[in-house]
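First the proteins, then the strands, lettered A, B, ... as listed; each starts at 1. No hydrogens, no waters, no symmetry mates; every other heavy atom, side chains included, goes into these values.
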Amino acid sequence: MASVSRRTAEDPLDRPSKRHKQGAEKVKGEPIAEDRANPYLAHMFDNSEPLQNGNGGSRGSSTMKGFIRHQTTAKMAHVAEDGPLNPFNEKPLSQKYFDILKLRRNLPVHLQRQEFLDMYHSTQILVFVGETGSGKTTQIPQFVLFDDLPHLTGLQVACTQPRRVAAMSVAKRVADEMDVKLGEEVGYNIRFEDNTGSKTMLKYMTDGMLLREAMNDHNLSRYSCIILDEAHERTLATDILMGLMKEIAVRRPDLKIIIMSATLDAQKFQRYFNDAPLLAVPGRTHPVEIYYTPEPERDYVEAALRTVLQIHATEPEGDILLFLTGEEEIEDACRKIKLEGDELLRETDCGPLSVFALYGTLSPAQQQRIFDPAPPPRKPGGAPGRKVVVSTNIAETSLTIDGIVYVVDPGFSKQKVYNPRIRVESLLVSPISKASAQQRAGRAGRTKPGKCFRLYTEGAYKKELIEQTHPEILRSNLASTVLELKKLGIDDLVHFDFMDPPAPETMMRALEELNYLACLDDDGNLTVLGRMASEFPLDPALAVMLITSPEFECSNEILSLTALLSVPQIFVRPANARKWADEAKMRFAHPDGDHLTMLNAYHAFKSEAAQPDPMAWCRENYLSYRSLTSCDNVRAQLERIMVKNDLLLVSTPFEDKKYYINIRRALCAGFFMQVAKRTGNGKTYVTVKDNQTVLLHPSTVLAQESEWLIYNEFVLTSKNYIRTVTQIKPEWLFEISSVYYDIETFQKGEVRSALVRVLDKQKRQEALNGRSKGKSSKR
DNA sequence: TTGAATGTT
């Protein structure tokens, strides 16, 4: 596919004559309109005389006197790093700094520092491949600092991470390495937490955060270098950023871009970035021996349990990591391994076994327990104890457990899939990719040589597993993404240079959905509503519901509901207390549905009732304290954005009989495309337009008599369920979206006939009243 | 009659 840039060589900004001495002072952090942006600040330092340092002292550096931007050598940097003063702030360096420096110089990347600099000088975009343990995430950004000289240019270096914790912990580590206070020269920026300041020159951030920044500053003009780390994970945000970087690179020849990735797909990245040069650095891991099963396994869970116990009975000391697919499977497996382990302990001379479950919805404290050491031998000199961790693929990338020597890999994980035809995302247990299998095996070689037991045949690995997991962009509903791209100034989505272009049908569905939500007009241009919706970190339907809610006199309540719908489930239902949990939930139940029930629970949480100990109150009421506090956080952020956009925060008085009706109507303003109607048999529902037969999720508080419902999500598991539902009146739907509810667009059938009846009734009513009711669309 | 992998703004 041809690369598309909306600038041409004739663009005045591209003329070399403009590259010098322009607007040296730029107010940091101020968004710049894209066409006014001057991306050439850095060029004043290119190919010019050596920089004059030390004028005034505070920003200059005597240690780096004579450094010329983009001419630094490894030796020069090495000398500057040796002190005695910190090259970036002139403060004396601590002993701790020198201790860490010794370790850093032992990292594999350090040997290739000069090679890296040579390549960095010679190219705008560079692909960097380093295995785990190479030190790339901590060292490369520092190598760049010594070459970009941010203390002189005022421009920053950004390094993105797919996960918040990684951004935070790496920033902390690098601040220590550079002997600076976290938040000053080195900082991090993640949602809800901006730990950077006026001195910040190196910023670790989540990829989603950089994407947000790009929406307000299309040229990312505050950076001299952008490093996209863990690019092989191919998150939605990384994929969009990569496409964006290709465009920005054309507009800003001074901007340096580094794509960092694990080995496998390096060539694909090179090709995508116009044959960018590649630098590869070896990792530092121990060899892992791979074993396959001779025959395919029928039941992978059973085979996994057998393998774990066999390792325990026959292999030397070392902990075991088993990959399974989900919470229930994992808890079940843990129970069985414990039972069998106890039996082995009683009947043989095996050592004791401790078993831990690991998955994302566990609290951080529970997750922490996997780092407990293995149990000691039962008696001195006896067989050593062993730890078994049974985990989802959270242990594949997000969490690293040292001491793992054996990995058991059945070859499956739950993966998101998207069906654009019925606009449904669901989770499916699917075979993993070769890349995942390698990553899993690698987890056995962190501390010493290890073994990986694959519960599939070698033939299956070679012939049946795909090379890479499909990038997320090919497995998602793209409504949000398309809105973001529009806000990023990408008008021609069809020609946007995606590394892997999404299916045209997925793209069309997203455009259609945004058009119905009135975020895009019929020509696909961003509307005022769409522009505003893109400011909110929400799905477009939620954003539209929130923006429209003042019209329904209930923006305070919709604000709470929007936050509630953006955090994990607030109702908890422990396996051993289901009945009590269900009873507790019924105390908050509202007859009109689950949304209002959630709102009741939230209001109770915020009321006197939950005091003085809200955590204990949540426990008693089977509510998740974590979800509710995170809901408060999200709510506060959304409220700030509402105020910024002059959206009023209003409530209908609670005594008013319209209080709940207004909320239900406001819900329809975002979710009018997620409506289901009860069918003749009274048990099943059918979704409007898509005509999918669905069941109410058993967690609903709603009794069966509701004819029309809006639903928050469609969950495809053993059956088709709609979850989190509230009853509505079909008349509201015509008022809210006369376009979507244009009767001509409906197939003949139950839904259409019912809607026709509603319209006829309305007409008779109007004739009777002799006046026309306000039927115009809300927008 | 209840299968929520992992992330992010």
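A/Arg163 comes within 4.0 angstrom of the backbone, heavy atoms only, and of no base. A/Phe536 comes within 4.0 angstrom of no nucleic acid atom, judged by non-hydrogen atoms across all strands. The residue A/Thr206 sits close only to the backbone: its heavy atoms come under 4.0 Å of sugar-phosphate atoms, none of a base. If you check every strand for non-hydrogen atoms under 4.0 Å, A/Glu713 touches a base. If you check every strand for non-hydrogen atoms under 4.0 Å, A/Thr392 touches sugar and phosphate atoms only. Within 4.0 Å (heavy atoms only), A/Ile394 reaches sugar-phosphate atoms of the nucleic acid but no base atom. No engagement by A/Asp332 is indicated, since no non-hydrogen atom pair under 4.0 Å with the nucleic acid exists. Within the nucleic acid shown, A/Gln569 has no heavy atom closer than 4.0 Å to any nucleic acid atom. Using a 4.0 Å heavy-atom cutoff across all strands shown, A/Ile190 reaches sugar-phosphate atoms only and no base atom. Using a 4.0 Å heavy-atom cutoff across all strands shown, A/Arg573 reaches at least one base atom of the nucleic acid.
Inspection of the A/Asp594 and A/Thr724 side chains reveals no N or O donor paired with an N or O acceptor under 3.5 Å. At a cut-off of 3.5 Å, with distance as the only test, a side-chain donor of A/Thr235 or A/Thr238 sits close to an acceptor on the other residue. Using modelled atom types, one finds a donor on one side chain and an acceptor on the other under 3.5 Å when comparing A/Asp229 with A/Thr137. Side-chain atoms of A/Gln637 and A/Arg191 include a donor-acceptor pair closer than 3.5 Å.
Within a 6.0 Å radius of NZ in A/Lys416, more than 12 heavy atoms belonging to other residues, nucleotides or ligands are found.
Along DNA chain B, the stretch of nucleotides lying under 4.0 Å from any heavy atom of chain A spans, 5' to 3', B/dT2 to B/dT9.
A/Tyr721 and A/His697 have perpendicular rings, their planes meeting at more than 60° on a 0 to 90° scale where under 30° would count as parallel.
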